[in-house]
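Residue indices begin at 1 and follow the sequence shown.
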Amino acid sequence: MTRRKTSIILKTDNYIIASCTINHNTVHKNGEQVFANKDVPVADFFLSLYKELKIEYPRFYKMDNLSKLGWLASEILLKDSFSANNYQPEQTGLLFCNANASIDTDIKYQATIDDIPSPSVFVYTLPNIMIGEICIRNHFKGESAFFVFEKFDAEFVEQYVNNLLNNDILKACICGWVELVGNEYKAALYLVEKNGAGNPKLFNSKNMYALFEGENIK
(Lines give C-alpha, C1' and ligand atoms only; values in the text may rest on other atoms or scores of the structure.)
Protein backbone atom coordinates (compact mmCIF):
# COMPACT_ATOMS: atom_id res chain seq x y z
CA MET A 1 0.00 0.00 0.00
CA THR A 2 1.41 3.38 -1.05
CA ARG A 3 0.59 6.47 0.87
CA ARG A 4 -0.01 9.58 -1.19
CA LYS A 5 1.94 12.56 0.00
CA THR A 6 -0.14 15.63 0.65
CA SER A 7 0.93 19.17 1.29
CA ILE A 8 -0.89 21.69 3.42
CA ILE A 9 -0.71 25.29 2.29
CA LEU A 10 -0.88 27.58 5.31
CA LYS A 11 -2.73 30.84 4.88
CA THR A 12 -0.41 33.81 5.03
CA ASP A 13 -1.10 37.53 4.93
CA ASN A 14 -0.68 39.31 1.62
CA TYR A 15 -0.59 43.06 1.15
CA ILE A 16 -1.96 45.84 -1.03
CA ILE A 17 1.22 47.62 -2.04
CA ALA A 18 -0.59 50.22 -4.15
CA SER A 19 -4.04 51.04 -5.49
CA CYS A 20 -5.40 53.13 -8.34
CA THR A 21 -8.93 54.25 -9.18
CA ILE A 22 -10.09 56.12 -12.28
CA ASN A 23 -13.66 57.42 -12.35
CA HIS A 24 -15.52 60.61 -13.30
CA ASN A 25 -12.41 61.93 -15.09
CA THR A 26 -10.42 61.79 -11.86
CA VAL A 27 -7.48 59.58 -10.90
CA HIS A 28 -6.53 58.51 -7.38
CA LYS A 29 -3.34 56.70 -6.38
CA ASN A 30 -3.34 55.16 -2.90
CA GLY A 31 -6.42 57.22 -2.01
CA GLU A 32 -4.91 60.56 -3.06
CA GLN A 33 -6.00 62.50 -6.16
CA VAL A 34 -3.19 62.69 -8.69
CA PHE A 35 -4.95 63.89 -11.85
CA ALA A 36 -8.27 65.30 -13.04
CA ASN A 37 -9.60 66.73 -16.28
CA LYS A 38 -13.30 67.47 -15.91
CA ASP A 39 -15.86 68.25 -18.58
CA VAL A 40 -14.16 66.50 -21.48
CA PRO A 41 -15.33 63.38 -23.34
CA VAL A 42 -14.05 60.00 -22.22
CA ALA A 43 -11.65 59.53 -25.14
CA ASP A 44 -10.19 63.01 -24.63
CA PHE A 45 -9.75 62.35 -20.91
CA PHE A 46 -7.85 59.13 -21.57
CA LEU A 47 -5.62 60.93 -24.08
CA SER A 48 -4.92 63.78 -21.65
CA LEU A 49 -4.01 61.28 -18.92
CA TYR A 50 -1.73 59.40 -21.32
CA LYS A 51 0.08 62.65 -22.19
CA GLU A 52 0.31 63.58 -18.52
CA LEU A 53 2.21 60.34 -17.90
CA LYS A 54 4.76 61.36 -20.55
CA ILE A 55 4.92 57.87 -22.02
CA GLU A 56 5.91 57.07 -25.59
CA TYR A 57 3.94 53.92 -26.39
CA PRO A 58 2.38 53.88 -29.89
CA ARG A 59 0.24 50.81 -29.15
CA PHE A 60 -1.90 53.00 -26.88
CA TYR A 61 -3.52 54.69 -29.87
CA LYS A 62 -4.67 51.33 -31.30
CA MET A 63 -6.47 50.20 -28.14
CA ASP A 64 -10.20 50.35 -27.55
CA ASN A 65 -11.44 52.48 -24.64
CA LEU A 66 -11.73 49.54 -22.22
CA SER A 67 -8.12 48.55 -22.84
CA LYS A 68 -6.98 52.18 -22.55
CA LEU A 69 -8.72 52.47 -19.19
CA GLY A 70 -7.15 49.31 -17.77
CA TRP A 71 -3.76 50.09 -19.29
CA LEU A 72 -3.69 53.63 -17.88
CA ALA A 73 -4.76 52.41 -14.45
CA SER A 74 -2.00 49.79 -14.47
CA GLU A 75 0.61 52.38 -15.47
CA ILE A 76 -0.32 54.60 -12.54
CA LEU A 77 -0.60 51.63 -10.19
CA LEU A 78 2.88 50.31 -10.97
CA LYS A 79 4.72 53.65 -11.18
CA ASP A 80 7.09 53.98 -8.21
CA SER A 81 5.35 50.99 -6.55
CA PHE A 82 6.61 47.94 -8.41
CA SER A 83 10.10 46.69 -9.19
CA ALA A 84 10.15 44.19 -12.04
CA ASN A 85 13.70 43.27 -11.05
CA ASN A 86 12.33 41.55 -7.94
CA TYR A 87 10.45 38.94 -9.97
CA GLN A 88 10.72 36.63 -12.93
CA PRO A 89 8.19 37.41 -15.71
CA GLU A 90 6.08 34.34 -14.83
CA GLN A 91 5.83 35.40 -11.17
CA THR A 92 3.53 38.35 -11.83
CA GLY A 93 -0.06 37.79 -12.98
CA LEU A 94 -3.39 39.57 -13.39
CA LEU A 95 -6.98 38.99 -12.29
CA PHE A 96 -9.56 41.43 -13.69
CA CYS A 97 -13.34 41.53 -13.70
CA ASN A 98 -16.26 43.69 -14.81
CA ALA A 99 -20.00 43.50 -15.49
CA ASN A 100 -20.24 43.87 -19.25
CA ALA A 101 -17.14 42.23 -20.71
CA SER A 102 -16.24 44.04 -23.97
CA ILE A 103 -19.78 45.16 -24.87
CA ASP A 104 -18.68 48.72 -25.69
CA THR A 105 -16.39 47.46 -28.44
CA ASP A 106 -18.79 44.67 -29.43
CA ILE A 107 -21.38 47.32 -30.34
CA LYS A 108 -18.85 49.29 -32.35
CA TYR A 109 -17.74 46.19 -34.22
CA GLN A 110 -21.33 45.20 -34.98
CA ALA A 111 -21.79 48.59 -36.62
CA THR A 112 -18.89 47.91 -38.99
CA ILE A 113 -20.36 44.62 -40.21
CA ASP A 114 -22.98 46.46 -42.27
CA ASP A 115 -20.15 47.93 -44.34
CA ILE A 116 -16.72 46.32 -44.05
CA PRO A 117 -15.92 44.41 -40.84
CA SER A 118 -12.98 46.04 -39.08
CA PRO A 119 -10.22 43.63 -37.96
CA SER A 120 -8.68 46.38 -35.81
CA VAL A 121 -11.94 46.68 -33.85
CA PHE A 122 -12.65 42.94 -33.81
CA VAL A 123 -9.39 42.16 -31.99
CA TYR A 124 -10.75 43.99 -28.92
CA THR A 125 -14.05 42.13 -28.73
CA LEU A 126 -12.73 40.02 -25.86
CA PRO A 127 -12.14 41.69 -22.48
CA ASN A 128 -8.98 39.69 -21.76
CA ILE A 129 -7.25 41.54 -24.61
CA MET A 130 -6.90 44.35 -22.07
CA ILE A 131 -4.88 41.98 -19.88
CA GLY A 132 -2.77 41.09 -22.90
CA GLU A 133 -1.96 44.75 -23.53
CA ILE A 134 -0.77 45.20 -19.95
CA CYS A 135 1.30 42.00 -20.12
CA ILE A 136 2.93 43.06 -23.39
CA ARG A 137 3.82 46.43 -21.92
CA ASN A 138 5.36 44.96 -18.75
CA HIS A 139 6.56 41.56 -20.00
CA PHE A 140 4.36 39.75 -17.49
CA LYS A 141 3.95 36.03 -18.18
CA GLY A 142 2.22 34.78 -15.03
CA GLU A 143 -1.27 33.33 -14.71
CA SER A 144 -4.04 35.71 -15.76
CA ALA A 145 -7.83 35.54 -15.79
CA PHE A 146 -10.87 37.69 -16.54
CA PHE A 147 -14.28 37.18 -14.89
CA VAL A 148 -17.67 38.78 -15.46
CA PHE A 149 -19.83 39.58 -12.41
CA GLU A 150 -22.89 41.78 -11.92
CA LYS A 151 -20.87 43.91 -9.50
CA PHE A 152 -17.42 44.01 -7.94
CA ASP A 153 -16.96 40.85 -5.87
CA ALA A 154 -14.02 41.61 -3.60
CA GLU A 155 -14.50 38.40 -1.63
CA PHE A 156 -13.96 36.33 -4.77
CA VAL A 157 -10.92 38.38 -5.75
CA GLU A 158 -9.45 38.00 -2.27
CA GLN A 159 -9.88 34.22 -2.31
CA TYR A 160 -8.57 33.77 -5.85
CA VAL A 161 -5.51 35.97 -5.47
CA ASN A 162 -4.62 34.57 -2.05
CA ASN A 163 -4.70 31.08 -3.55
CA LEU A 164 -2.27 32.13 -6.28
CA LEU A 165 0.12 33.80 -3.86
CA ASN A 166 -0.09 31.34 -0.98
CA ASN A 167 0.53 28.40 -3.32
CA ASP A 168 3.53 30.18 -4.86
CA ILE A 169 1.90 30.23 -8.29
CA LEU A 170 2.57 33.97 -8.30
CA LYS A 171 4.67 36.34 -6.21
CA ALA A 172 2.76 39.48 -7.23
CA CYS A 173 -0.68 40.09 -8.74
CA ILE A 174 -2.53 43.04 -10.24
CA CYS A 175 -6.21 42.59 -9.59
CA GLY A 176 -9.46 44.53 -9.60
CA TRP A 177 -12.33 45.97 -11.61
CA VAL A 178 -12.22 47.64 -15.05
CA GLU A 179 -15.61 48.52 -16.56
CA LEU A 180 -16.54 50.79 -19.46
CA VAL A 181 -19.76 51.19 -21.42
CA GLY A 182 -20.11 54.37 -23.43
CA ASN A 183 -19.39 57.34 -21.17
CA GLU A 184 -19.72 55.34 -17.96
CA TYR A 185 -16.54 53.80 -16.64
CA LYS A 186 -14.61 52.85 -13.53
CA ALA A 187 -11.27 51.24 -12.86
CA ALA A 188 -10.09 50.09 -9.44
CA LEU A 189 -6.83 48.15 -9.44
CA TYR A 190 -4.68 46.77 -6.64
CA LEU A 191 -1.06 45.65 -6.64
CA VAL A 192 -0.79 42.71 -4.24
CA GLU A 193 2.45 41.16 -3.06
CA LYS A 194 3.58 38.73 -0.39
CA ASN A 195 6.15 41.15 0.97
CA GLY A 196 4.67 43.57 3.50
CA ALA A 197 7.68 45.83 3.88
CA GLY A 198 6.98 49.48 4.63
CA ASN A 199 3.41 50.43 5.49
CA PRO A 200 1.14 48.49 3.10
CA LYS A 201 -2.53 47.73 3.61
CA LEU A 202 -3.62 44.20 4.43
CA PHE A 203 -5.07 42.52 1.35
CA ASN A 204 -8.67 41.68 2.15
CA SER A 205 -12.14 42.39 0.80
CA LYS A 206 -12.83 45.12 3.39
CA ASN A 207 -9.84 47.18 2.30
CA MET A 208 -10.54 46.55 -1.37
CA TYR A 209 -14.12 47.77 -1.02
CA ALA A 210 -12.96 50.84 0.91
CA LEU A 211 -10.52 51.82 -1.83
CA PHE A 212 -13.12 50.96 -4.48
CA GLU A 213 -15.52 53.47 -2.88
CA GLY A 214 -12.83 56.11 -2.54
CA GLU A 215 -12.20 55.82 1.18
CA ASN A 216 -8.67 56.54 2.36
CA ILE A 217 -8.07 53.55 4.60
CA LYS A 218 -5.59 53.77 7.47
Side-chain angles (χ1 to χ4, degrees), residues 14-38 42 45-46 49-50 52-53 63-82 92-104 127-135 137-138 140 144-162 164-165 170 172-193 200-218:
N14 299 307
Y15 299 90
I16 299 174
I17 305 301
S19 66
C20 174
T21 60
I22 304 179
N23 194 25
H24 302 306
N25 287 25
T26 304
V27 183
H28 287 82
K29 171 79 179 278
N30 299 333
E32 301 294 333
Q33 181 175 313
V34 295
F35 182 78
N37 188 4
K38 301 289 188 177
V42 172
F45 170 70
F46 291 165
L49 177 54
Y50 171 79
E52 176 71 15
L53 295 174
M63 299 179 197
D64 69 337
N65 281 341
L66 180 66
S67 294
K68 286 180 178 178
L69 174 59
W71 189 89
L72 288 166
S74 70
E75 287 291 307
I76 296 162
L77 179 77
L78 296 174
K79 182 177 173 58
D80 300 323
S81 301
F82 179 78
T92 301
L94 295 88
L95 170 66
F96 284 13
C97 52
N98 72 13
N100 290 284
S102 57
I103 189 67
D104 187 75
N128 61 341
I129 297 302
M130 169 176 46
I131 290 177
E133 292 288 5
I134 297 170
C135 289
R137 164 68 171 167
N138 297 282
F140 296 148
S144 63
F146 196 102
F147 295 90
V148 177
F149 300 116
E150 290 185 4
K151 60 182 181 179
F152 181 48
D153 189 342
E155 289 82 6
F156 174 85
V157 174
E158 177 186 0
Q159 180 180 15
Y160 199 104
V161 173
N162 277 335
L164 293 173
L165 296 178
L170 298 176
C173 187
I174 300 169
C175 60
W177 179 266
V178 183
E179 169 81 324
L180 182 144
V181 180
N183 294 319
E184 299 296 322
Y185 67 89
K186 182 167 186 174
L189 295 185
Y190 314 90
L191 171 61
V192 184
E193 297 182 358
K201 313 301 182 185
L202 191 64
F203 176 63
N204 57 37
S205 59
K206 178 182 178 181
N207 285 342
M208 275 190 285
Y209 278 130
L211 290 165
F212 186 86
E213 298 299 334
E215 300 175 22
N216 193 359
I217 60 177
K218 303 300 182 183

State the [atom1]-[atom2] distance between [X] and [Y], to the nearest 0.5 angstrom.
X: L189; Y: I22; atom1: CG; atom2: CD1; value: 7.5 Å
X: I134; Y: I129; atom1: CD1; atom2: CD1; value: 12.0 Å
X: I16; Y: C175; atom1: CD1; atom2: SG; value: 7.5 Å
X: M130; Y: S74; atom1: CE; atom2: OG; value: 9.5 Å
X: K79; Y: I76; atom1: NZ; atom2: CD1; value: 10.0 Å

Heavy-atom check, side chain of [X] versus side chain of [Y], under 4.5 Å:
X: V27; Y: T21; result: no
X: Y15; Y: E193; result: no
X: L77; Y: Y190; result: no
X: F96; Y: L94; result: yes
X: F46; Y: W71; result: no
X: L78; Y: I174; result: yes

Run N37 and T26 through side-chain contact (heavy atoms from CB on, under 4.5 Å) and show every step you take. CA-CA 7 Å; N37 188 4; T26 304; over 6 Å; no
Taking [X] for its side chain and [Y] for its backbone only, find out whether a donor-acceptor pair lies under 3.5 Å.
X: S67; Y: D64; value: no
X: Y160; Y: L95; value: no
X: N98; Y: W177; value: no
X: E179; Y: K186; value: no
X: N30; Y: S19; value: yes
X: N128; Y: I131; value: no
X: K38; Y: H24; value: yes
X: N207; Y: F203; value: no

Considering residues at least two apart in sequence or located in another chain, which fulfil the salt bridge (charged side-chain N to carboxylate O under 4.0 Å, His left out) criterion with E133?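 Salt bridge (charged side-chain N to carboxylate O under 4.0 Å, His left out) list for E133, sorted by chain: R59.
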Could you give the side-chain donor-acceptor pairs of residues 145-153 under 3.5 Å, partners two or more places apart or in another chain?
unit_1, atom_1, unit_2, atom_2, d
D153, OD1, E155, N, 3.3
D153, OD1, F156, N, 3.1

Are Y209 and L211 close enough, and set up right, to give a side-chain contact (heavy atoms from CB on, under 4.5 Å), and what steps lead you there? CA-CA 5 Å; Y209 278 130; L211 290 165; over 6 Å; no
Step-by-step side-chain hydrogen bond (donor to acceptor under 3.5 Å, both in side chains) determination, D104 to N65: CA-CA 8 Å; D104 187 75; N65 281 341; 4.7 Å; no
Check [X] against [Y] and note the closest heavy-atom contact, atom names and distance.
X: L66; Y: V178; value: CD1-O, 3.6 Å
X: M63; Y: K68; value: O-CE, 3.3 Å
X: N14; Y: L202; value: O-CD1, 3.7 Å
X: A172; Y: L165; value: N-CD2, 3.7 Å

Apply the test side-chain contact (heavy atoms from CB on, under 4.5 Å) to residues H28 and V34: give CA-CA distance (whole Å), side-chain angles for both, the deciding distance (0.1 Å), then the verdict. CA-CA 6 Å; H28 287 82; V34 295; over 6 Å; no
Does atom CD (Q33) have a neighbourhood of more than 12 heavy atoms from anything else shown, all under 6.0 Å?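 Above 12, so yes.
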Could you tell me how the ring of Y185 sits relative to the ring of F45: parallel (under 30°), tilted (30 to 60°) or perpendicular (over 60°)?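 Answer is parallel, since the angle falls under 30°.
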Residue list, side chain to side chain donor-acceptor pair (under 3.5 Å) with K29, at least two apart or on another chain: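 Here the qualifying residues are S81.
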